[in-house]
Amino acid sequence: MSFIRKFSVLICVLSAAADAQLQVQQAKLPYAGYNALTPRIDAKTMELHYGTHYAGYVKNLNAGVANATAGGLNLTATDLTSLIKSVSSLPAPLNTTVRNQGGGAWNHALYFKQLAPPNNPAIQTSAISQPLRKAITLSFRTVDNMTAELTSAAGKIFGSGWAWLCYTGDDNAPLAITTTPNQDNPLMGQLPDAPPVTAASCTPILGIDVWEHAYYLKHGPKRPAYLNDFWDVLSWQAVSSNYANAASGKVNALVA
Ligand code: MN3
């Protein structure tokens with residue numbers, strides 16, 4: 001075997017090994033630091049939420065994937081979105097890891113990327129794109145109706161979970177509101193031991209985290225006060241971009 005041939009075989013082996021293991025990175029914050037969302041979301045909450053909880057989901061997911069692939073599992077998912085969508089077909093214990101830690105990684109990437117500082121024009125409803133506005137009108141008549149329904153759904157979640165504005169793919173009602181417990185995500189479909197998902201398999205374009213870690217340091221038990229603050233730092237520009245990506249099937253762009 002020539003040197004060149006040996007060298008290219010080695011390259012192939014190395015790239016196959018690199019492909020075999022999916023490594024998820026934490027999404028970068030699209031604003032400057034943990035102080036950027038004050039006073040709506042305080043720096044200590046951001047530090048704990050982004051730097052500890054979200055970082056933990058990513059770390060634990062990568063460790064679980066590394067363990068499973070080291071044990072001989074041939075993982076076909078090439079990104080975080082295809083991984084969480086495939087959760088029902090994964091073997092134990094990876095299925096539980098992907099559901100909890102992978103869901104946590106996906107949900108928090110969407111969450112932090114959709115926010116903007118309170119003085120940023122992106123938070124004005126005038127930043128809503130024409131296609132998103134049309135979808136909201138078809139599904140809820142007005143933006144105010146939609147935000148009221150989503151706030152109400154988020155307020156009613158018992159314990160930890162998420163409220164979602166979700167792209168359905170239905171031309172007559174392109175958007176729906178749904179909730180999931182823990183770190184479940186509508187992209188996972190209807191999970192066997194979970195409460196019925198009203199719009200299973202839809203693509204979240206806006207997510208409200210109602211775990212206590214998202215608000216307890218500042219608001220204590222007052223979840224409605226947190227929900228008020230949340231809307232003041234929600235970037236409609238980001239949600240518009242999420243809608244465009246969801247509607248064109250570029251779902252992993254929501255969390256990459
Ligand atoms: Mn959280």
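Note that the numbering runs from 1 along the sequence shown for the chain. What you see is a predicted model, and the numbers here were worked out from it, not measured in a lab. Atoms within a ligand are numbered from 1 in the order they appear, just like the ligands themselves. Just the heavy atoms: all of them, side chains too, but no hydrogens, waters or symmetry mates, feed the values below.
Asp209 and His108 make their closest contact through OD2-NE2, 3.1 Å (heavy atoms, listed as atom of the first residue, atom of the second, distance).
Pro204 places none of its side-chain heavy atoms less than 4.5 Å from the side chain of Tyr167.
Around the Mn ion (ligand 1), the protein N, O or S atoms closer than 2.8 Å are His49 NE2, His108 NE2, Asp209 OD2, His213 NE2, listed by chain and residue number.
With sequence neighbours excluded, no residue forms a ring-ring contact (aromatic ring centres under 6.0 Å, His included) with Phe230. With sequence neighbours excluded, the residues satisfying side-chain contact (heavy atoms from CB on, under 4.5 Å) with Leu29 are Tyr31, Tyr34, Met46, Tyr50, Phe112.
By the 4.0 Å N-to-carboxylate-O rule, Asp232 lies close enough to Arg40 to be salt-bridged with it.
Sorted by first and then second residue, the side-chain hydrogen bond (donor to acceptor under 3.5 Å, both in side chains) pairs involving residues 138-159 (not counting sequence neighbours) are Thr142-Asn145, Thr151-Trp231, Ser152-Lys156.
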